[in-house]
Protein chains: 2
Amino acid sequence: MTTRDPRVPGLARLAALIADETRAACLLALLDGRAWTAGELARHAGVAASTLSEHLSRLVAGGVLAEERQGRHRYVRLADARVAQLVEDLAAQVAPGEAVRPRTLREASAGSAMARGRTCYDHLAGRLGIAVTDALTERGLLRQDTGFALTDAGVEWFGRVGIALDRSGRRPLARGCLDWTERRPHLAGVAGAALCRHALEAGWCVRVGSERAVVVTAAGEREFFAVLGVSVEGVR
Amino acid sequence: MTTRDPRVPGLARLAALIADETRAACLLALLDGRAWTAGELARHAGVAASTLSEHLSRLVAGGVLAEERQGRHRYVRLADARVAQLVEDLAAQVAPGEAVRPRTLREASAGSAMARGRTCYDHLAGRLGIAVTDALTERGLLRQDTGFALTDAGVEWFGRVGIALDRSGRRPLARGCLDWTERRPHLAGVAGAALCRHALEAGWCVRVGSERAVVVTAAGEREFFAVLGVSVEGVR
DNA sequence: CGGACACTTCGGCGACCGCCGAAGCATGGG
DNA sequence: CCCATGCTTCGGCGGTCGCCGAAGTGTCCG
């Protein structure tokens, strides 16, 4: 043992927080960007409330989750966009070859809704996310060939459509997030989040069920075509 | 427990591979992009050869490492650039606030060499990496304000300087990699790797010691200034 | 061909971790 | 005011994991 990298203990500790099936299930669930109560997560993960309580404490202490207490409820969410990105990246690394085929019709149906459109933390994913990302690219608003960035025309487009881009933070304006089902990058970062938020607020899409799945509304179909020229035929 | 995400077991298993101090030490060491023998890693991590052998087997089985047997040696390296990026991202997430101050003069000296210039898997990092990234940005060859991508002028620049960019693979041409010591992104991806390789091959910088540290040569100082207008004063 | 060397396999030890249910403690509703 | 609800703490159990040294296998070199 020579000069040890000082990051070793921290890296191992962070990975250990994710290295448990119950905690991993929580993190993936929390990728929907919303805050869950401890009880919801316990039921979701299929463990006793007492067990999950301890898991949450460790995740919060490790800076992976942020918590907010309201009355007798303990709400938790992913600490920030960086953590979300990290979990997504880790999960994406795993996906190839490990994709599990749905066993029941119910699962197949839910899975396909997720494949059509869903949120990934705070931006659009699935075929919907890819369709939007491709449309932006084809119209010269986003460049993926030399990296992953909006063009000047792209920045202008967001302003014209009425979607504000907060450029004050440290979060990149645009970045690629590898899509779990499509195996291609979709738009994430400030622009991806703003676009998703706008689409939900303006009623272009709505969430379905308690999962992360979203579907495009009739109005959304018109709007997506109007502003992006994207036909969401294959997406609905 | 409702519909469980199929990625849960894979995510937990992948994280578990990193969630051990000995394995984490190996992964961080392997971030230098070179292949290490099992014995070197065992000494580096401070454990018995038998212990490390088992760790390597698990990392290889998990797809994190690639191995190559040569005679009585077992060489291992990170499986690919994606794994390297993942380890870097995880380590970067940890760094804030956990930075450990060097205790001895020797450590301080080694640490500062690493801070000046080093490789991060296959591209330049440290103050050197940041200086190059900043120079590219200032000259309009790289855009960081709307994402992270080369400009057309940037692609042309690589050709003019004589650095070939392999655009056939799936790896992005440019991407930001958060610098551990500088806390800002430096150039990674195909372009970052090609630039680093060129700098080492052309003698602009040389590796020092057995670590990842690199220093700029006198010739390199002239060349970096000639092609990028970057003064490496503060870097040497 | 024999010994040095690098790595692997095996058995066994100790530590840690995740799990549960029971009991305790707040909160909010009837 | 009392009970249901949501969460937390605790003790204890079982499984896994990392570690080592000893013994075994394969390779290289003289």
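So you know, we letter chains A, B, ... as the sequences are listed, proteins then strands, and number each from 1.
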Regarding dG18(D), can its base be found pairing with the side chain of Thr51(B) as donor and acceptor, where the two atoms are less than 3.5 Å apart?
no
Of the listed dG18(D), dG28(C), dC20(D), the closest approach to the Arg58(B) side chain comes from dG18(D)
To the nearest angstrom, the NE2-C1' distance between His73(A) and dT27(C) comes to 9 Å
Test your reading of the model: is there a side-chain donor-acceptor pair from His123(A) to the backbone of Cys120(A), 3.5 Å cut-off? yes
In whole angstroms, the gap separating C1' of dC19(C) from CG of Leu41(A) amounts to 17 Å
Taken to the nearest whole Å, CD1/Ile18(A) to C1'/dC17(C) is 17 Å
Do the side-chain N and O atoms of Arg127(A) and Thr181(A) include a donor-acceptor pair separated by under 3.5 angstrom?
no
**Prompt:** Is the shortest side-chain N/O distance from Arg69(A) to OP1 or OP2 of dT8(D) below 4.0 Å?
**Reply:** yes
Rounded to whole Å, the CG-P distance (Leu52(A) to dT9(D)) equals 13 Å
inquiry  = Counting the atoms with a prime plus P, OP1 and OP2 as sugar-phosphate, which does Thr22(A) contact under 4.0 Å by heavy atoms, base, sugar-phosphate, or nothing?
reply    = sugar-phosphate
Polar side chain donor-acceptor pair, Asp89(B) to Gln93(B), under 3.5 angstrom
no
TODO: Could you tell me whether a side-chain N or O of Asp179(A) sits under 3.5 Å from a main-chain N or O of Gly126(A), the two making a donor and an acceptor?
DONE: yes
Considering only heavy side-chain atoms of Glu54(B), the closest of dC19(C), dC19(D), dT8(C) is dC19(D)
By the 4.0 Å heavy-atom rule, please label Ala49(A) as base, sugar-phosphate, or nothing. base
Rounded to whole Å, CG of Asp20(A) lies from P of dG15(D) at a distance of 17 Å
Name the nucleic acid region contacted by Thr37(B), choosing base, sugar-phosphate or nothing; use a 4.0 angstrom heavy-atom cut-off, strictly under.
sugar-phosphate
Determine: side-chain N/O of His55(A) to OP1/OP2 of dC17(C), distance under 4.0 Å, yes or no.
no
Separation of dC7(D) atom C1' from Gln70(A) atom CD, nearest Å, is 15 Å
Side-chain N,O (Arg23(B)) to OP1/OP2 (dG18(D)) below 4.0 Å:
yes
Looking only at dC20(C), dG26(D), dG6(D), the nucleotide nearest the Arg72(B) side chain is dG26(D)
In whole angstroms, the gap separating P of dA6(C) from CD of Glu67(B) amounts to 18 Å
Whichever of Val47(A) and Ser50(B) has the more 5' nearest nucleotide on DNA chain C, that residue is Ser50(B)
Checking salt bridge (charged side-chain N to carboxylate O under 4.0 Å, His left out) for the pair Arg171(A)/Asp122(A): CA distance, chi angles, key distance, verdict? CA-CA 13 Å; Arg171(A) 192 176 180 195; Asp122(A) 59 4; 3.0 Å; yes
Query raised in the report: Counting only side-chain N and O atoms of Ser53(B), is one of them less than 4.0 Å from OP1 or OP2 of dT9(C)?
Result: no
Between CG of Leu56(A) and P of dC19(C) the distance, given in whole Å, is 12 Å
| request: Please confirm whether any donor atom in the side chain of Arg74(A) sits under 3.5 Å from an acceptor in the base of dC7(D), or the reverse. | output: no
**Step-by-step ring pair (Phe, Tyr, Trp, His ring centres under 6.0 Å) determination, Tyr75(A) to Trp36(A)** = CA-CA 5 Å; Tyr75(A) 284 95; Trp36(A) 292 49; over 10 Å; no
